[in-house]
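Note that the structure is a prediction, hence the values are computed from the model and not measured.
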Amino acid sequence: MPTFSLSLPDEAATERLGAALAGRLRPRDVVALEGGLGAGKTTLARAILRAAAGDRALVVPSPTFTLVEVYDTPRGAFWHFDLYRLDDPRQVLELGWEEARADGVVLVEWPERLGALLPRERLKATLSIEGDGRRIVLEGEDRLVNV
Ligand code: ADP
Ligand code: MG
């Protein structure tokens, strides 16, 4: 599986990467946003969603409490999950998981909470803190990794 490691020295770098990814994501794609608290998962999701919506000011709250937010964009429906508070993987079915997978793009923070429901075909994006910025390791299909 192709792997690509990239330094994101500031939020502007994360925004550029998000815009590049948004242009490549298609319905049924899954982006698994890995990394601890504060690693920059929501920031990257926000950048992807703003670019997909074509709205730089789109309000993208962290779905920490709602667990999911859905965005209708010119590129289709984008579902942003934050599963930190999920107790059991099956709870995700109550959040619209199957509808999201049927024809949406899925961005998911804390994807490990999905257990066996985690799709095998996914773009794995692992964020970590590096100095004042972040590092991201992308792992997945060529189409998505070569940004
Ligand atoms: P997470 O969702 O992983 O908990 P957030 O996206 O909420 O993390 O980001 C946590 C903090 O990191 C925010 O204050 C955000 O501004 C900052 N941040 C995100 N990406 C970068 C980056 N590339 N460089 C520097 N700071 C960043
Ligand atoms: Mg977050």
Side-chain angles (χ1 to χ4, degrees), residues 1-64 66-86 89 92 95-147:
M1 199 59 102
T3 300
F4 182 61
S5 177
L6 182 69
S7 166
L8 302 170
D10 50 30
E11 284 198 43
T14 297
E15 281 162 25
R16 285 192 295 273
L17 174 64
L21 283 173
R24 288 160 178 251
L25 288 167
R26 303 195 295 235
R28 303 185 52 79
D29 281 341
V30 175
V31 182
L33 295 158
E34 312 237 3
L37 280 173
K41 302 180 294 298
T42 300
T43 305
L44 179 57
R46 185 175 291 126
I48 292 170
L49 290 163
R50 285 178 171 168
D55 178 355
R56 296 169 63 100
L58 182 71
V59 176
V60 178
S62 171
T64 315
T66 56
L67 292 120
V68 63
E69 300 283 345
V70 189
Y71 300 84
D72 276 313
T73 85
R75 307 186 56 89
F78 278 60
W79 296 65
H80 180 196
F81 292 89
D82 180 336
L83 302 181
Y84 187 69
R85 288 162 189 274
L86 203 72
V92 81
L95 301 173
W97 180 254
E98 287 174 323
E99 190 188 339
R101 291 286 291 128
D103 63 358
V105 174
V106 169
L107 312 177
V108 56
E109 302 184 40
W110 303 99
E112 56 271 39
R113 297 284 198 272
L114 287 165
L117 286 173
L118 179 63
R120 249 166 32 97
E121 279 183 33
R122 62 188 186 271
L123 175 66
K124 187 173 163 187
T126 306
L127 285 143
S128 56
I129 295 178
E130 185 175 75
D132 292 335
R134 303 291 184 268
R135 176 159 293 275
I136 190 163
V137 178
L138 296 172
E139 205 179 332
E141 285 179 61
D142 268 329
R143 166 174 70 88
L144 293 169
V145 167
N146 292 323
V147 288

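- A distance of 7.0 Å separates CE of Met1 from CD of Glu139, quoted to the nearest 0.5 Å.
- Proximity of Val92 to Phe81: side-chain heavy atoms (C-beta onward) are separated by under 4.5 Å at one or more points.
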Considering only distance and modelled atom types, tabulate donor-acceptor pairs under 3.5 Å from the side chains of residues 4-17, sequence neighbours left out.
| unit_1 | atom_1 | unit_2 | atom_2 | d |
| --- | --- | --- | --- | --- |
| Ser5 | OG | Arg135 | NH1 | 2.7 |
| Asp10 | OD1 | Ala12 | N | 3.3 |
| Asp10 | OD1 | Ala13 | N | 3.0 |

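- Side-chain atoms of Asp82 and Ser62, non-hydrogen and from C-beta on, do get closer than 4.5 Å to each other.
- Expressed to the nearest 0.5 Å, how far CG of Leu127 lies from OG1 of Thr43 amounts to 8.5 Å.
- Note that the CG atom of Leu83 and the CD atom of Glu112 stand 9.0 Å from one another [nearest 0.5 Å].
- Between the side chain of Arg50 and the backbone N or O of Leu58, at least one donor-acceptor pair lies under 3.5 Å.
- Between Asp142 and Arg24, none of the side-chain N atoms (NZ, or NE/NH1/NH2) sits under 4.0 Å from a carboxylate O, so this pair counts as no salt bridge.
- Residues Ala52 and Pro74 share a closest heavy-atom pair of O-CD, 3.4 Å.
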Is there a side-chain contact (heavy atoms from CB on, under 4.5 Å) between Val30 and Leu107? Walk through the geometry before answering. CA-CA 6 Å; Val30 175; Leu107 312 177; over 6 Å; no
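- Smallest separation of non-hydrogen atoms from Ala51 and Ala19: CB-CA, 3.6 Å.
- Put simply, the side chain of Asp29 gets close to the backbone of Arg26: a donor and an acceptor are under 3.5 Å apart.
- Exactly one residue among Val105, Val60, Val31 makes a side-chain contact (heavy atoms from CB on, under 4.5 Å) with Phe78. That residue is Val105.
- Considering only heavy atoms from C-beta on, Leu49 stays 4.5 Å or farther from Thr73 through its side chain.
- In this structure, Val108 and Trp79 have side chains that are not in contact, with every pair of non-hydrogen atoms separated by 4.5 Å or more.
- Looking at Arg28, its side chain does come within 3.5 Å of a backbone N or O of Arg101 through a donor-acceptor pair.
- In terms of heavy-atom proximity, Ala45 sits nearest to His80 at CB-NE2, 3.5 Å.
- The two atoms that bring Ala47 and Gly18 nearest to each other are CB-CA, 4.0 Å, heavy atoms only.
- At a threshold of 4.5 Å between non-hydrogen side-chain atoms, the residues Leu138 and Val147 count as touching.
- Closest non-hydrogen pair, Pro89 versus Leu86, comes out as CA-CD2, 4.0 Å.
- Here CD of Glu34 is found 10.5 Å from CD1 of Ile136. Values are rounded to the nearest 0.5 Å.
- Here the side chains of Tyr71 and Ile48 are not in contact, with every heavy-atom distance at 4.5 Å or above.
- In this structure, CZ in Arg113 is found 10.5 Å from CZ in Arg85, a value given to the nearest 0.5 Å.
- A 4.5 Å side-chain heavy-atom check between Leu44 and Leu33 finds at least one atom pair inside the cut-off.
- Contact annotation: the side chain of Lys41 approaches that of Glu109 to within less than 4.5 Å [non-hydrogen atoms, C-beta and beyond].
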